[in-house]
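Here is the structure we will look at.
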Amino acid sequence: MSFVLSLALATYFMSGLLSIANSVRKTGEPDVAIFRWPSLAALGVASVANAFWILSRWHELGYPPFADTYGCFVLLAWCVGLVSLTLELGARERYIGGASSLAAAVLLLISTRWLAAPHPLPPVLRSVFFAPHVVAYFIAYGALTVAAFAGIALLAGKKAHSTFSSGLEEWCGRAGRIAFPFLTLGLALGAVWGQQAWGDWFGWDPKEVWALISWVLVAAWSHLWRSGRRGALTHVLLIVAVLACYFTLFGVNYLPTSVQSQHTYTTR
């Protein structure tokens, strides 16, 4: 792992621990400034370092560095951290910020499993739609990851005090408002790209099918949430939707039908 990514890893981890330390306080107590602002500063440094690696690698390769699994994990870590930082600045409860920062650190650690020399970019990826399609999807995945942490906490703490629950709902709702538009944009860009590359808006490719399933699940959760139905079933639906998104991103590559897929470039 490069120095820049090592710095991002260390500061993501530091931010997570400080944010959790800030959260472990009695109800009604003010933020512990000695933990609060350093946690945000560390998360900011991590996000900048992570973004710097992406941009410098992009410049070095001459194409977006997320054409393989290694780059995908690095981009996903950045998106999780960036969404977490955005929401941390205004949220009341900060347990989720700590969990999200630690998740970004874990994603960077996992990325090293696929660390390898870069490959030439496949012809199908030499498209103007590649970067915006992937970035839109990954911002959505990052926001959904943050929302899922809040959903799990809401399920686990059903009898928690109202301030804690409302803080978690704030995280969940704000993350959802980021996720759904970007997920929709990613799906739309993929359809346009597919039409230009293969002459089909939707070719029933395994990855395309699971992308549509994920979108439907997230759309259903978003509708229930905006309708005020925020019980256990809604939280479970969110978690299922997020698992479907991660399966779309990584799991589809391990299906027997993946050999027929036009999206298996991410397995390298």
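No hydrogens, no waters, no symmetry mates; every other heavy atom, side chains included, goes into these values.
Pairing each heavy atom of Thr248 with each of Ala211, the nearest pair is CG2-N, 3.6 Å. Closest of all the heavy-atom pairs between Gly98 and Ile20 is CA-CG1, 3.9 Å. The two residues Pro181 and Gly176 come nearest to each other via the heavy atoms CD-O, 4.2 Å. Closest of all the heavy-atom pairs between Phe250 and Cys72 is CE2-CB, 4.4 Å. The minimum heavy-atom distance linking Leu249 with Lys207 is given by the pair O-NZ, 3.0 Å. Closest approach of Leu183 and Ala140 over heavy atoms only: N-CB, 3.5 Å.
The shortest side-chain heavy-atom distance between Phe129 and Val192 falls under the 4.5 Å cut-off. In this structure, Leu107 and Thr145 have side chains that are not in contact, with every pair of non-hydrogen atoms separated by 4.5 Å or more. Put simply, the side chain of Trp171 reaches to within 4.5 Å of the side chain of Val146, judged on heavy atoms. Taking 4.5 Å as the limit, every side-chain heavy atom of Trp193 sits out of range of all side-chain heavy atoms of Pro132. A 4.5 Å side-chain heavy-atom check between Leu233 and Leu224 finds every atom pair outside the cut-off. You'll find the side chain of Thr11 stays beyond 4.5 Å of the side chain of Leu43, heavy atoms only. Side-chain contact between Leu75 and Trp78 is present, with heavy atoms from C-beta onward closer than 4.5 Å. A heavy-atom distance below 4.5 Å is not found between the side chains of Leu185 and Ile139.
In this structure, the side chain of Thr86 engages the main chain of Leu82 through a donor-acceptor pair within 3.5 Å. A donor-acceptor pair under 3.5 Å is absent between the side-chain atoms of Ser84 and the main chain of Val80, judged by distance alone. The main-chain N or O of Ala42 is never found under 3.5 Å from a side-chain atom of Ser15 such that the two would form a donor-acceptor pair. Checking side-chain atoms of Arg229 against main-chain N and O of Thr234 turns up no donor-acceptor pair under 3.5 Å. Between the side chain of Ser19 and the main chain of Gly16, no donor-acceptor pair closer than 3.5 Å is present. With hydrogens and angles disregarded, no donor-acceptor distance shorter than 3.5 Å links the side chain of His235 to the backbone of Ile152. A donor-acceptor contact shorter than 3.5 Å links the side chain of Ser111 to the backbone of Leu108.
Linking ILVMFWY side-chain heavy atoms closer than 4.5 Å, directly or via other members, places Leu55 and Leu61 in two distinct hydrophobic clusters. In the hydrophobic clustering of this structure, Leu40 does not group with Leu7; members are Ile, Leu, Val, Met, Phe, Trp, Tyr whose side-chain heavy atoms approach within less than 4.5 Å, directly or through other members. Val4 and Val48 are members of different hydrophobic clusters when ILVMFWY side chains are connected at heavy-atom separations under 4.5 Å. Criterion: ILVMFWY side-chain heavy atoms under 4.5 Å apart, direct or through other members. Under it, Val45 and Leu85 are not part of a common hydrophobic cluster.
To the nearest 0.5 Å, atoms OG1 (Thr69) and CG (Leu76) are separated by 12.0 Å. Note that the CZ atom of Phe138 and the SG atom of Cys245 stand 11.0 Å from one another [nearest 0.5 Å]. Of the inter-residue distances, the one linking Ile213 atom CD1 with Leu217 atom CG reads 7.5 Å to the nearest 0.5 angstrom. Within the model, atoms CG of Leu168 and CZ of Arg230 stand 12.5 Å from one another, a figure rounded to the nearest 0.5 Å. Here the CH2-CG distance, from Trp210 to Asp205, works out to 13.5 Å after rounding to the nearest 0.5 Å. Leu238 contributes atom CG, which lies 7.0 Å from atom CG of Leu144 (distance to the nearest 0.5 angstrom).
Using cut-offs of 30° and 60° for the angle between ring planes, the His133 and Tyr137 rings count as perpendicular. The aromatic rings of Trp114 and Phe73 lie parallel to each other, with less than 30° between the two planes, well short of the 60° mark.
Side-chain atoms of Thr184 and Trp215 form a donor-acceptor pair, as typed in the model, at a separation below 3.5 Å. No donor-acceptor contact under 3.5 angstrom links the side chains of Ser127 and Gln196, judged on distance only.
Phe247 CZ: more than 12 foreign heavy atoms inside a 6.0 Å radius. Within 6.0 Å of the CZ atom in Phe13, the count of heavy atoms belonging to other residues, nucleotides or ligands does not exceed 12. Taking a 6.0 Å sphere around CZ of Phe180, one finds it holds more than 12 heavy atoms contributed by other residues, nucleotides or ligands.
Applying the ring-ring contact (aromatic ring centres under 6.0 Å, His included) test between Phe66 and each of Tyr141, Phe130, Trp53 identifies Phe130 as the sole match.
Screening residues 54-66 for salt bridge (charged side-chain N to carboxylate O under 4.0 Å, His left out) gives Arg57-Glu60 as the qualifying pairs, with residues at least two apart or on separate chains.
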